[in-house]
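Worksheet: one structure, shown below.
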Amino acid sequence: MAEEISFIGSQNCCVCFIDIVDSTRITTVEIGQSEKIKLYYSIFINTMAAIARDFDGTIIKNTGDSLIFYFPKTTGTISNISMMDFKKVFECGLTMIAVNAIINEKLKERELPGLSYRISADYGIVEVAKSLTSTSEDLFGPTVNLCSKINSRASPNQMVIGNNLYKITKAAFGNNEYHFHQVDNYSIDKNIENQYSVYSVSYKNKKSNDKMINVYKDIV
């Protein structure tokens, strides 16, 4: 019997997870109509996917109210990865936050409620798998799981990163471009020593991305 998925190897890379806040209530109570729900999700997913690709991200999967993607250029050993490729992870997430106003403007024009979302990213080992029913690769393992778990530690329209990604990038970016602030710990288990630190990411100085952000006005 053919297996649905087969694992083809392990690798280290940056993984990112973005999730709409309170989407179940919004789509059930505030929208309700099937066609409008489709439009609501398509505006969000298509805009986020376009931004991810612009920063060399590869989409793994989407569930309507969330999107998981990774950055292939961060694959491999730390010594062989350019810090500029890690920078793209931050620029991607912060651009996604910056276009929130544009997304909500699109939704308002179509008489749909506004939305907020949380973004999380981390670096670590992933297990790569291929499926019989899909041509794209899928990722599994603790890095993917942790990235999704720490997402809830972000405030709406905020980006957070896990301790692994923080340790790699704090020296390169923490003194000039980005401000890292520990916002919480994620309890991996009941052992108090297994607390995983979570950090918010923001620009140290307000950065104008208006020209680039305007690119995403006409996606949907």
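By convention here, the first residue in the shown sequence is residue 1.
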Do [X] and [Y] come close enough that some side-chain heavy atom pair is under 4.5 Å?
X    : Y    : value
M96  : T47  : no
Q182 : V198 : no
F173 : V201 : no
I103 : M48  : yes
F71  : C13  : no
S116 : I20  : no
N12  : T75  : no
D122 : I161 : no

Checklist entry - Given N157 and N100, is the side chain to side chain donor-acceptor pair (under 3.5 Å) satisfied, shown in steps? => result CA-CA 8 Å; N157 303 317; N100 180 257; 3.3 Å; yes

Would you name the heavy atoms of [X] and [Y] that are closest together and state the gap between them?
X    : Y    : value
V126 : L139 : CG2-CD2, 4.0 Å
N104 : G114 : OD1-CA, 3.2 Å
G93  : M159 : CA-SD, 3.7 Å
G76  : I81  : O-CD1, 3.7 Å
A121 : I150 : O-CD1, 4.1 Å
D19  : S66  : OD1-CB, 3.4 Å

Next on the checklist: Which residues pass the ring-ring contact (aromatic ring centres under 6.0 Å, His included) test with Y70, not counting sequence neighbours?
Outcome noted: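 Counting only residues at least two positions away or on another chain, Y70 forms no ring-ring contact (aromatic ring centres under 6.0 Å, His included).
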
Checklist entry - Would a distance-only check, ignoring hydrogens and angles, find a side-chain to backbone donor-acceptor pair under 3.5 Å from Y196 to N163? => result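 Side chain of Y196 to backbone of N163: a pair is present.
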
Return yes when atom [atom1] of [X] has more than 12 non-hydrogen atoms of other residues, nucleotides or ligands closer than 6.0 Å, and no otherwise.
X    : atom1 : result
K149 : NZ    : no
K108 : NZ    : no
E111 : CD    : no

Checklist entry - Do V21 and L115 sit in the same hydrophobic cluster, where Ile, Leu, Val, Met, Phe, Trp and Tyr count as joined when their side-chain heavy atoms come under 4.5 Å apart? => result no

Checklist entry - Going hydrophobic residue to hydrophobic residue with side-chain gaps under 4.5 angstrom, can you get from V144 over to I125? => result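 V144 and I125: separate clusters.
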
Within this structure, what is the [atom1]-[atom2] distance for the pair [X] and [Y], rounded to the nearest 0.5 Å?
X    : Y    : atom1 : atom2 : result
F69  : C14  : CZ    : SG    : 10.5 Å
H179 : S202 : NE2   : OG    : 5.5 Å
I68  : F17  : CD1   : CZ    : 5.0 Å
L39  : L107 : CG    : CG    : 7.5 Å
S82  : K87  : OG    : NZ    : 10.5 Å
Y186 : C147 : OH    : SG    : 12.0 Å

Checklist entry - Under the salt bridge (Lys or Arg N to Asp or Glu O under 4.0 Å) criterion, do K38 and E35 qualify, and how do the steps go? => result CA-CA 5 Å; K38 292 176 187 175; E35 290 305 312; 3.2 Å; yes

Checklist entry - Between S197 and N185, does a side chain to side chain donor-acceptor pair (under 3.5 Å) hold up when you go through it step by step? => result CA-CA 4 Å; S197 299; N185 289 312; 3.2 Å; yes

Next on the checklist: For K73, give me all partners under salt bridge (charged side-chain N to carboxylate O under 4.0 Å, His left out), at least two apart in sequence or on another chain.
Outcome noted: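 K73 satisfies salt bridge (charged side-chain N to carboxylate O under 4.0 Å, His left out) with D56 only.
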
Just list the side-chain donor-acceptor pairs under 3.5 Å for residues 23-34, sequence neighbours left out, or say none.
from : atom 1 : to  : atom 2 : distance (Å)
S23  : OG     : D65 : OD2    : 2.9
R25  : NE     : D22 : OD2    : 2.5
R25  : NH1    : E30 : OE2    : 2.8
R25  : NH2    : D22 : OD2    : 3.1
R25  : NH2    : E30 : OE2    : 2.9
T27  : OG1    : S23 : O      : 2.8
T27  : OG1    : T24 : O      : 3.3
T28  : OG1    : T24 : O      : 2.7

Next on the checklist: Checking S148 against N151 for the side chain to side chain donor-acceptor pair (under 3.5 Å) test, could you report, in this order, the C-alpha distance in whole Å, the side-chain angles of both residues, the deciding distance, and whether it holds?
Outcome noted: CA-CA 5 Å; S148 66; N151 188 269; over 6 Å; no

Item to check | Working for side chain to side chain contact (heavy atoms under 4.5 Å, CB included), residues F90 and L165 | outcome: CA-CA 10 Å; F90 297 136; L165 183 54; 4.1 Å; yes

Checklist entry - Quick one: ring-ring contact (aromatic ring centres under 6.0 Å, His included) pairs with a partner in residues 147-171, sequence neighbours left out? => result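 Pairs touching residues 147-171 that pass the test: Y166-F180, Y166-Y199.
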
Item to check | ring-ring contact (aromatic ring centres under 6.0 Å, His included) contacts touching residues 91-123 (sequence neighbours left out) | outcome: F44-Y117, F86-Y123

Next on the checklist: Run the side-chain contact (heavy atoms from CB on, under 4.5 Å) test against A154 and tell me which residues pass, sequence neighbours left out.
Outcome noted: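 Scan of A154 (side-chain contact (heavy atoms from CB on, under 4.5 Å), adjacent residues dropped) gives R118, Q158, V160.
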
